[in-house]
Amino acid sequence: MEEAILLNQTSAVTYFRLRGLSVNQKVQMAAFFMFLVFYVLTLIGNILIIITIIYDRRLHTPMYFFLSNLSFIDVCHSTVTVPKMLTDTWSEEKLISFDACVAQMFFLHLFACTEIFLLTVMAYDRYVAICKPLQYMIVMNWKVCVLLAVALWTGGPIHSIALTSLTIKLPYCGPDEIDNFFCDVPQVIKLACTDTHVIEILIVSNSGLISVVCFVVLVVSYAVILVSLRQQISEGRRKALSTCAAHLTVVTLFLGHCIFIYSRPSTSLPEDKVVSVFFTAVTPLLNPIIYTLRNEDMKNALNKLMGRKEGKEEK
């Protein structure tokens, strides 16, 4: 009997209303064109990185193998939320079905958690390359790289399933407005018709703990790397610092959001939407910019790829 009541309560809300970025129409139009440009550039930039890495054999190394995974994740991560946000700017009622909301939460956390694990693996890769260069190809052989990739692509879905299952088990029978432009666990569980204190603790201990632990591991890794760089020659130090600075920039921007949102109870703050915009629309665009402008190997490979294409067109 209780299960039947719970089922009826859960199915009472079939749609959620997204509040969006702003109620001001002019602001929404400006946001539409800005984020449309961001999204197109994100797709072009990250797909170009993947094609370049596949095309240039000199980039067939562990570092660029993981970078291509990062570009693929950024394309998927941005696609989970930005297209919906763009279409909603033209709609007065920003509706999303319950099932679509659940799917959005699932894939958002799948790609976000996978990216956190990937950034941690990339830090380990840089640690081995800089601190143990003679053992690098032994430690980071292709078998190890594939196993690490399988592990992080398995860990992401497991985390997402756990988090999403906690959310959909709650009864939703009353308020239906989400104070954001996409569905995320902290905003959705606030609409549940029951006490969510225990669920909030589980979310903080899950997402928040993963973000904080990985961030600490990354900071320690780079601290060790910086100490090691003091003993290297100037040219090698410059190149290593450039690579690490690029990686650390991505890590700070991405994990900063995760720690800010998921390491506290589900309370709305004015900064939440701004942080969410950077998380879903801006950070995926920064990946191709940072890794191409600060990486000589990528710039040379891109120039080579473009040169080959221009040569073929002239012929």
Side-chain angles (χ1 to χ4, degrees), residues 1-25 27-29 31-32 35-36 39 76-114 156-204 206-207 257 261-262 265-270 272-273 275-277 279-281:
M1 184 67 179
E2 292 180 359
E3 291 181 358
I5 295 173
L6 181 60
L7 181 61
N8 289 332
Q9 287 181 328
T10 304
S11 59
V13 175
T14 56
Y15 284 87
F16 289 112
R17 300 176 186 273
L18 299 171
R19 189 172 292 180
L21 290 173
S22 173
V23 295
N24 188 304
Q25 192 65 22
V27 173
Q28 288 194 72
M29 290 302 100
F32 171 82
F35 291 116
L36 177 61
Y39 183 60
C76 297
H77 186 206
S78 183
T79 302
V80 171
T81 57
V82 177
K84 172 63 177 171
M85 177 183 68
L86 293 175
T87 56
D88 280 346
T89 56
W90 301 97
S91 175
E92 291 185 7
E93 286 192 293
K94 302 172 176 58
L95 299 177
I96 183 170
S97 69
F98 184 86
D99 291 339
C101 184
V102 171
Q104 193 174 57
M105 287 189 294
F106 173 78
F107 286 108
L108 178 72
H109 283 273
L110 186 157
F111 293 120
C113 185
T114 303
I158 290 174
H159 160 80
S160 185
I161 290 171
L163 215 59
T164 307
S165 63
L166 288 173
T167 307
I168 62 177
K169 286 181 179 180
L170 296 173
Y172 298 94
C173 54
D176 61 358
E177 186 176 69
I178 297 173
D179 187 18
N180 213 326
F181 57 91
F182 63 92
C183 288
D184 198 4
V185 173
Q187 287 84 28
V188 171
I189 65 171
K190 288 194 299 183
L191 305 179
C193 304
T194 186
D195 182 17
T196 60
H197 182 68
V198 176
I199 303 295
E200 290 179 23
I201 293 175
L202 290 174
I203 290 171
V204 170
N206 189 326
S207 297
H257 162 271
I261 296 293
Y262 302 112
S266 300
T267 54
S268 295
L269 296 177
D272 284 356
K273 288 186 183 180
V275 175
S276 295
V277 165
F279 178 62
T280 59

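Heavy-atom basis, side chains included; hydrogens, waters and symmetry copies ignored. FYI, the numbering just counts along the sequence from 1.
The backbone N or O of A100 sits less than 3.5 Å from a side-chain atom of S97, completing a donor-acceptor pair. Panel note: side chain Q28, backbone W90; no donor-acceptor pair is recorded below 3.5 Å. A donor-acceptor distance shorter than 3.5 angstrom exists from the side chain of S165 to the backbone of I161, with no hydrogens or angles considered.
The two residues M105 and C183 make their nearest non-hydrogen contact at CG-O, 3.5 Å. The minimum heavy-atom distance between L191 and D176, with the atom names listed, is CD1-C, 4.0 Å. Here the closest non-hydrogen pair linking V80 and Q104 is O-NE2, 3.1 Å. Annotation for T89 and L86: closest pair OG1-O, 2.6 Å, computed over non-hydrogen atoms. The nearest pair of heavy atoms linking H109 to D184 is NE2-OD1, 2.9 Å. Of all heavy-atom pairs between A281 and F35, the closest is CB-CD2, 3.7 Å.
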Please assess V82 against F182 for the test side-chain contact (heavy atoms from CB on, under 4.5 Å), listing each intermediate value before the final yes or no. CA-CA 9 Å; V82 177; F182 63 92; over 6 Å; no

Before giving the answer on side-chain contact (heavy atoms from CB on, under 4.5 Å), spell out for C101 and I178 the whole-Å C-alpha distance, their side-chain angles and the decisive distance to 0.1 Å. CA-CA 10 Å; C101 184; I178 297 173; 4.2 Å; yes

Assess whether side-chain contact (heavy atoms from CB on, under 4.5 Å) is satisfied between L163 and F106, documenting all intermediate values. CA-CA 8 Å; L163 215 59; F106 173 78; over 6 Å; no

Run the numbers on F107 and C76 for side-chain contact (heavy atoms from CB on, under 4.5 Å), then give the verdict. CA-CA 9 Å; F107 286 108; C76 297; over 6 Å; no

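In this structure, CG on L166 lies 5.0 Å from CD1 on I199, to the nearest 0.5 angstrom. Expressed to the nearest 0.5 Å, how far OG1 of T79 lies from CZ of F111 amounts to 8.5 Å. Separation of atoms CD1 (I189) and OG1 (T194) is listed at 11.0 Å; rounding is to 0.5 Å. The NZ atom of K190 lies 14.0 Å from the CG atom of L170; values are rounded to the nearest 0.5 Å.
Among K94, R19, R17, the one residue that satisfies the salt bridge (charged side-chain N to carboxylate O under 4.0 Å, His left out) test with D179 is R19.
Taking the side chain as every heavy atom from C-beta outward, T280 and M85 never approach each other to under 4.5 Å. At least one side-chain heavy atom of V102 sits under 4.5 Å from a side-chain heavy atom of T164.
Between Y172 and F16, the ring-plane angle classifies as perpendicular under the 30° and 60° cut-offs.
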